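Notes follow the structure.
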Amino acid sequence: MLLIHCPYCDDTLPELEFAYAGEAHIARPADPSKLSDEEWRDFLFIRTNVKGVHAERWRHIHGCGRFFNALRDTVSDRFLTTYKAGEARPDVQTLEAAE
Amino acid sequence: MSDPVSALNGAEFHGLIDVADAGLTGMITLRGNLGAAKAKKAVKAVTGTAVPAVGEVLGSGETATAWMSPDELLLIVPYAEVAQRVAKAETALAGEHAMVVDVSDARAVLTVTGSDAREVMAKLCPVDLSPAAFGKGDFRRTRMAQIPAALWMTESDQFTVICFRSVADYAFALLKVAAQPGSAVGAF
């Protein structure tokens, strides 16, 4: 079982308490009515689907209920870090250097 | 007015440990900026405690304050006094962007009592319930098999468990199975 650090509860807790919530850092367009069909499709459906470090949203649904962001390696399924919603995506090189 | 009845209506089970309906319990949800002076005043007025830290429950027995999330507290009060205490909180929070709601009848409360209570809860929840990791004063929202639940210790051998009213039967049945006589594991 994965252990995930909730930045709000400040505790590392079992995956059972969490729900995956898609790719992180996708900003909703300020004025959707100005978008072309292709741009709207891209916003709704087109995801990066990376092999490697992926920024994604998780929700501590059976705990504090908060959404937060995580960097997870999709190859090894290892969580590099988690951070509060609204914070900038941490730099992977800095994280790896710190380890 | 009809008489209020708790979801389990006084159900009890005696096995490895005792599982019982805790009866009608007053519960108030307070949401808002918990660092604000007015929020602190409201909590003081309702339960008499300070604002708990992350994962903490303050107070004891019938009156307590529990940390639910960064902007949410659960205030536990006697059932008969809920309306009056909601009013107190609203007065204290006047002018503040906050919400106070009586959720007493939306939830069910159970008590799990006995020397193996830790073990029974640990069979159902993905939580480290060893005495070193979890004790009186700790509050944890988690899941119990398929359902969300919150738990804390009211005595050294007693847990209080809160779940949604609609799944009270399921929660009771789960605890009954986990507390079958002879099912002790001896983990703690």
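Keep in mind it's a predicted model, so treat the numbers as computed, not measured. Letters A, B, ... are given to chains in the order of the sequence lines, protein chains preceding strands, and every chain is numbered from 1.
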Answer yes or no: does atom [atom1] of [X] have more than 12 heavy-atom neighbours from other residues, nucleotides or ligands under 6.0 Å?
X: B:Glu62; atom1: CD; answer: no
X: B:Tyr170; atom1: OH; answer: yes
X: B:Lys38; atom1: NZ; answer: yes
X: A:Asn49; atom1: CG; answer: no
X: B:His97; atom1: NE2; answer: no

In Å and rounded to the nearest 0.5 Å, what is the CZ to CG distance from B:Arg140 to A:Leu13?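 Result: 4.5 Å between the selected atoms.
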Got a second to check how far A:Thr12's OG1 is from B:Asp128's CG, nearest 0.5 Å?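 It is 12.5 Å, given to the nearest 0.5 Å.
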Under the criterion side-chain contact (heavy atoms from CB on, under 4.5 Å), which of B:Arg141, B:Met144, B:Arg143 is the partner of A:His62?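 So, applying the side-chain contact (heavy atoms from CB on, under 4.5 Å) to A:His62 and each of B:Arg141, B:Met144, B:Arg143, only B:Arg143 qualifies.
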Atom of B:Val54, atom of A:Cys9 and distance for their closest heavy-atom approach: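 In this case the closest contact between B:Val54 and A:Cys9 is CG1-O, 3.4 Å.
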Grab the two heavy atoms, one from B:Trp67 and one from A:Tyr8, that are nearest each other, plus how far apart they are.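 Residues B:Trp67 and A:Tyr8, closest heavy atoms: CH2-O, 4.1 Å.
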When clusters are formed by joining ILVMFWY residues with side-chain heavy atoms under 4.5 Å apart, either directly or through shared neighbours, do A:Tyr20 and A:Phe68 land in the same one?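 Yes, A:Tyr20 and A:Phe68 fall within the same hydrophobic cluster.
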Can a donor-acceptor pair be found, under 3.5 Å and without considering hydrogens, that links the side chain of A:Arg66 to the backbone of B:Ser69?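 Not a single qualifying donor-acceptor pair exists.
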Region of B:Asp71 in contact with chain A, defined by heavy-atom distances below 4.5 Å: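 Looking at B:Asp71, backbone and side chain both touch chain A.
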